[in-house]
Amino acid sequence: MTGWVSALVLRYRSGGPDSLTAWRAVAVAGLVAMLVSGACGPVHDDEISVYAAASLRDAFTEIAREFEETRPITRVVLNFAGSQVLRAQIERGAPADVFASADEVHARELEAASLLATSPRAFAANALALAVPADNPRGLGTIEELTYADVRLVMGVADVPVGRYARAALQRYALAIGNDGLVGAVLDNVASFETNVRLVAAKLELGVVDAGFVYRTDVLASDGALVEIALPPAAVVAAPYPIAVTQRAAGRAAATAFTDFVHSPAGQRILEAHGFQTFG
């Protein structure tokens, strides 16, 4: 209570001749304060923390904004990182309400540990992409050329989904062409292993490496800074993205509403606009 309002309340309690007028002033002041407070922004009854894979940053930022417009009482707090980092945070007790992973492995591990309240359900899929800077100074065009001695590559670490997908793609391709040494030769040229795909894309956009494995959505989000080199059919791998409500979710109803929105036509439209494959 402000000082002048406090003074009016004291005058009313003292029974002075103008106490009724003073009390009316207090009542008006309180009403004005409530109206001004309401005008400053909505009151959020719910706040949910959404832990999402780094490759979802652009799409989920837009999804969260539209979700809040449809549910003004809920505020969405987004936390983006590599799926393996987010999983570790949840395992250590981080206050996540929703987990959206770039692969099924980390979601299944959390489910097996009884840390998810709902079964992970795929809401979109991505495509692994071999990308080069737009000017492609090395003139790279095939997987085999990634083994050249002076080529510098960037890739995700083994437990980040984009790193796992890249290794799986290389292994499948090596098996298809009968080249047992391909995977090792490519990995020998990796100058930097990164903990999430956005860091991989950033090094490509800066031009400090010659090529790297990202998602097709990252190439799209680069606004022309990156170019995709088509992978041969034998190197194509599926990259589903599951989402689930966590067991520790404080706002279970709001968290469920958010996951429903991601699966809704509105959420799917946003994901498609950012280059994801959707399921409905």
Side-chain angles (χ1 to χ4, degrees), residues 53-58 80-85 101-106 124-241 274-277:
S55 50
L56 290 166
R57 179 181 298 274
D58 294 342
F80 296 105
S83 298
Q84 81 288 358
V85 173
S101 176
D103 72 356
E104 295 177 328
V105 173
H106 295 296
N126 216 333
L128 183 72
L130 175 58
V132 296
D135 56 354
N136 192 9
R138 297 302 311 275
L140 299 174
T142 67
I143 289 180
E144 285 84 356
E145 291 171 348
L146 302 181
T147 66
Y148 291 175
D150 54 350
V151 171
R152 290 171 55 83
L153 306 176
V154 61
M155 188 182 292
V157 295
D159 62 344
V160 70
V162 73
R164 184 182 297 111
Y165 291 138
R167 286 163 176 78
L170 290 171
Q171 289 165 358
R172 290 182 56 175
Y173 184 65
L175 181 63
I177 65 173
N179 185 346
D180 295 338
L182 176 72
V183 178
V186 172
L187 292 178
D188 285 344
N189 282 346
V190 177
S192 175
F193 290 101
E194 303 297 335
T195 57
N196 70 66
V197 71
R198 284 306 180 100
L199 296 176
V200 176
K203 289 204 169 181
L204 285 168
E205 291 181 26
L206 289 171
V208 298
V209 289
D210 302 311
F213 288 95
V214 294
Y215 295 118
R216 185 164 293 157
T217 53
D218 297 297
V219 176
L220 181 63
S222 74
D223 293 327
L226 301 181
V227 173
E228 180 179 357
I229 295 175
L231 291 173
V236 174
V237 295
Y241 281 52
H274 287 275
F276 289 90
Q277 175 189 348

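Just so we're clear, the structure is a prediction, and the values are computed from it rather than from any experiment.
- Within the structure, salt bridge (charged side-chain N to carboxylate O under 4.0 Å, His left out) pairs that include any residue of residues 160-169 comprise D103-R164 (at least two apart or interchain).
- The minimum heavy-atom distance between A131 and V214, with the atom names listed, is CB-CG2, 3.8 Å.
- For residues 126-137, the side-chain hydrogen bond (donor to acceptor under 3.5 Å, both in side chains) pairs, not counting sequence neighbours, are N126-T217, N126-Y241.
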Ignoring hydrogens and angles, write down the donor-acceptor pairs under 3.5 Å from the side chains of residues 206-213, residues two or more places apart or on other chains.
| residue | atom | partner | partner atom | Å |
| --- | --- | --- | --- | --- |
| D210 | OD2 | R152 | N | 2.8 |

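- Residues that satisfy the side chain to side chain contact (heavy atoms under 4.5 Å, CB included) test with A134, not counting sequence neighbours, are V227.
- Remark: Y165 pairs with no residue by the ring pair (Phe, Tyr, Trp, His ring centres under 6.0 Å) rule, at least two apart or across chains.
- A heavy-atom distance below 4.5 Å is not found between the side chains of V160 and T195.
- Note that the CG atom of D218 and the CG atom of L226 stand 8.0 Å from one another [nearest 0.5 Å].
- Annotation: salt bridge (Lys or Arg N to Asp or Glu O under 4.0 Å) contacts of D58 (sequence neighbours excluded): R198.
- Summarising the geometry of S101 relative to A53, their closest heavy-atom pair is C-CB, 4.2 Å, with the distance given to 0.1 Å.
- Side-chain atoms of H274 do not come within 3.5 Å of backbone N or O of L56 as any donor-acceptor pair.
- Considering every non-hydrogen atom in both S55 and F276, the closest pair reads O-CZ, 3.6 Å.
- Judged as a side-chain hydrogen bond (donor to acceptor under 3.5 Å, both in side chains), and not counting sequence neighbours, the contacts of S192 are E194, K203.
- For A127, the side chain to side chain contact (heavy atoms under 4.5 Å, CB included) criterion is met by R216, not counting sequence neighbours.
- When all heavy atoms of A129 and V219 are compared, the pair lying nearest together is CB-CG2, 4.3 Å.
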Scan the side chains in residues 178-189 for donor-acceptor partners under 3.5 Å anywhere in the protein, sequence neighbours excluded, and list what turns up.
| residue | atom | partner | partner atom | Å |
| --- | --- | --- | --- | --- |
| N179 | OD1 | G181 | N | 3.1 |
| N179 | OD1 | L182 | N | 3.3 |
| N189 | ND2 | L146 | O | 2.8 |
| N189 | ND2 | T147 | O | 3.4 |
| N189 | ND2 | Y148 | O | 2.7 |

For I229 and E145, what are the C-alpha separation, side-chain angles and deciding distance, and is it a side-chain contact (heavy atoms from CB on, under 4.5 Å)? CA-CA 12 Å; I229 295 175; E145 291 171 348; over 6 Å; no
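- Partners of E205 according to the side-chain hydrogen bond (donor to acceptor under 3.5 Å, both in side chains) rule, which considers only residues two or more places apart in sequence or in another chain, do not exist here.
- Qualifying salt bridge (Lys or Arg N to Asp or Glu O under 4.0 Å) partners for D150, counting only residues two or more places apart in sequence or in other chains: R138.
- The two atoms that bring A169 and L128 nearest to each other are CB-CD2, 3.6 Å, heavy atoms only.
- Note that CG of N196 and CZ of R57 are 8.0 Å apart. Values are rounded to the nearest 0.5 Å.
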Show the atom names and distances, to 0.1 Å, of all donor-acceptor pairs under 3.5 Å that link a side chain in residues 230-240 to residues at least two apart or in another chain.
none

